[in-house]
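Input: a single structure, listed below in structure tokens.
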Amino acid sequence: MELRTINTFLHIAELHSFSRAARELGYSQSAVSSQIAQLEAELETPLFDRVGKTVRLTDAGQTFLSYARTLLTTAQQARAALQPAQQVRGTLRVALADSLCSAFLPGLLQRYHALCPQVELVLCTATSDEMLQWLGTNQVDLAYTLDEPLVQPNLVLALDVPEAICFVAPTGHPLAAQKRVSLEELAHQEFLLTERGMSYRDALDQTFAAHQLAVKPYLELGSAALLCQMVERGMGLSFLPEYIVRDALAAGTLARLLVPDCTVTMRRQLFYHRDKWLTPQMKAFIELAQERNR
């Protein structure tokens, strides 16, 4: 029974698809089918029901699932135990929200590399849904989200910090001089916003819809940091995490708009899967992230 076959089994169980698991792992579909056939032969029982295009665990497969996770965790522990105690090595894979990159990563990664110079860091931006899927298939070790509070029994929450989201305008904009701004006034303004599907953008759209209004941006962009720069250049208004615009507000290049009918707070949360053994490199990253918020 090979560890790579166990890993393939876990991917199929999570994705409910041989073809998707093959793509995620970089294997051909025939190789994935061959691995599972060999595993089922060794265990002398079918692990998956294949009906049409659907793939589901059999009762035996469901029973084997927890053992498979334990096997991979034990293998990770064995590898880590063979490392010198004073040296943390290996790879750390972190998925995170785009807006966290410019605000929190530079200083955090600098401290992390100084502490763990032998660790290879692999970072990727993703939506919260993508991160949760990747945690479930062991494609990433940690997920760093900015979203509504995420509470799932299969996740361990290592960090949970509230983050305010605010309306910003160029300092010379007429609304910047007002003490309060209404949603009706904002509905007629030019906006630059993050893409639909991002947590705080969805919260904004829902707030406007609840008042029978809509905000229609003339530009949608994934990078919150770039949006901030464009607002500073006078290109329109935006709705961004306070930590993204804090320096520009302090420098006087942006003005924060007070909009009583729209107060949004997201949670900055750091997760790992409950079945994932907490490796030394994961523990070091978590501790540095927590230290910044003490």
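Small disclaimer: the values here were computed from a predicted structure and weren't measured.
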What's the separation between atom [atom1] in [X] and atom [atom2] in [Y], rounded to the nearest 0.5 Å?
{"X": "Q269", "Y": "M131", "atom1": "CD", "atom2": "CE", "result": "11.0 Å"}
{"X": "L115", "Y": "L288", "atom1": "CG", "atom2": "CG", "result": "5.5 Å"}
{"X": "M198", "Y": "M266", "atom1": "CE", "atom2": "CE", "result": "11.0 Å"}
{"X": "T63", "Y": "L43", "atom1": "OG1", "atom2": "CG", "result": "11.0 Å"}
{"X": "S99", "Y": "L240", "atom1": "OG", "atom2": "CG", "result": "9.0 Å"}
{"X": "T5", "Y": "E42", "atom1": "OG1", "atom2": "CD", "result": "7.5 Å"}

Apply side chain to side chain contact (heavy atoms under 4.5 Å, CB included) to R246 and list each qualifying residue two or more places apart in sequence or on a separate chain.
E242, Y243
Can you tell if the side chain of [X] reaches within under 4.5 Å of the side chain of [Y], non-hydrogen atoms only?
{"X": "V32", "Y": "I12", "value": "yes"}
{"X": "Q133", "Y": "L15", "value": "yes"}
{"X": "E163", "Y": "P241", "value": "no"}
{"X": "L121", "Y": "L109", "value": "yes"}
{"X": "D98", "Y": "S223", "value": "yes"}
{"X": "T137", "Y": "L10", "value": "no"}
{"X": "C166", "Y": "V245", "value": "yes"}
{"X": "F191", "Y": "L219", "value": "no"}

Please check if atom [atom1] in [X] has more than 12 non-hydrogen atoms from other residues, nucleotides or ligands closer than 6.0 Å.
{"X": "H113", "atom1": "NE2", "value": "no"}
{"X": "Y218", "atom1": "OH", "value": "yes"}
{"X": "D49", "atom1": "CG", "value": "yes"}
{"X": "R50", "atom1": "CZ", "value": "yes"}

Pairs where [range] contributes a residue and the test salt bridge (Lys or Arg N to Asp or Glu O under 4.0 Å) is met, not counting sequence neighbours:
{"range": "residues 197-218", "result": "R201-D205, R201-E220"}
{"range": "residues 222-232", "result": "none"}
{"range": "residues 151-161", "result": "D160-R267"}
{"range": "residues 115-134", "result": "none"}

Mind listing the closest non-hydrogen atom pair of [X] and [Y] along with its distance?
{"X": "T265", "Y": "P162", "result": "CG2-CB, 3.9 Å"}
{"X": "L254", "Y": "L249", "result": "O-CD2, 3.5 Å"}
{"X": "E2", "Y": "R4", "result": "OE1-NE, 3.0 Å"}
{"X": "A95", "Y": "V140", "result": "CB-CG1, 4.0 Å"}
{"X": "H11", "Y": "A21", "result": "CB-CB, 4.0 Å"}
{"X": "Q290", "Y": "A158", "result": "NE2-O, 2.7 Å"}

Side chain to side chain donor-acceptor pair (under 3.5 Å) pairs, two or more places apart, involving residues 22-34
E24-Q139, S28-S30
Sequence neighbours excluded - side chain to side chain donor-acceptor pair (under 3.5 Å) pairs with any residue from residues 168-179
H173-Q189, Q178-E185
Could you please spell out the steps behind the side-chain contact (heavy atoms from CB on, under 4.5 Å) verdict for L92 and L142?
CA-CA 8 Å; L92 179 65; L142 296 169; 4.1 Å; yes
Keeping the roles fixed (side chain from [X], backbone from [Y]), state whether a donor-acceptor pair exists under 3.5 Å.
{"X": "S238", "Y": "V168", "result": "no"}
{"X": "Q35", "Y": "T8", "result": "no"}
{"X": "T70", "Y": "S66", "result": "yes"}

R274: salt bridge (Lys or Arg N to Asp or Glu O under 4.0 Å) partners, not counting sequence neighbours
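With sequence neighbours excluded, R274 shows a salt bridge (Lys or Arg N to Asp or Glu O under 4.0 Å) to no residue whatsoever.
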Any residue meeting salt bridge (Lys or Arg N to Asp or Glu O under 4.0 Å) with R111, in chain and number order, not counting sequence neighbours:
none
Can you sort out the partners of [X] under ring-ring contact (aromatic ring centres under 6.0 Å, His included), two or more places apart, ordered by chain and number?
{"X": "Y112", "result": "F285"}
{"X": "Y200", "result": "none"}
{"X": "Y272", "result": "none"}

Under the criterion side-chain contact (heavy atoms from CB on, under 4.5 Å), I'd like the reasoning laid out for T194 against L227: C-alpha separation, chi angles, the key distance, then a yes or no.
CA-CA 8 Å; T194 50; L227 286 172; 3.6 Å; yes
Using the rule that Ile, Leu, Val, Met, Phe, Trp and Tyr join whenever any side-chain heavy atoms are under 4.5 Å apart, tell me whether [X] and [Y] fall into a single cluster.
{"X": "L146", "Y": "L150", "value": "no"}
{"X": "W134", "Y": "L123", "value": "no"}
{"X": "L100", "Y": "L157", "value": "no"}
{"X": "L135", "Y": "L96", "value": "no"}

Kindly assign one of parallel, tilted or perpendicular to the pair F167 and F239, based on the angle between their ring planes and the thresholds 30° and 60°.
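Correct class here is tilted.
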Do S128 and D147 get their side chains close enough for a donor-acceptor pair, meaning under 3.5 Å?
yes
Under the side-chain contact (heavy atoms from CB on, under 4.5 Å) rule, what do T45 and E40 come out as? Steps first, then yes or no, please.
CA-CA 5 Å; T45 186; E40 289 177 328; over 6 Å; no
L155 and L132: CA distance, side-chain angles, deciding distance, side-chain contact (heavy atoms from CB on, under 4.5 Å) verdict
CA-CA 9 Å; L155 299 180; L132 297 182; 3.4 Å; yes
Evaluate salt bridge (charged side-chain N to carboxylate O under 4.0 Å, His left out) for R268 paired with E148, printing each intermediate quantity in order.
CA-CA 9 Å; R268 177 162 51 89; E148 301 285 355; over 6 Å; no
So, for F271 and Y144, is the gap between ring centers shorter than 6.0 Å?
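No, too far apart.
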So, are D141 and R93 salt-bridged, with charged N and O less than 4.0 Å apart?
yes
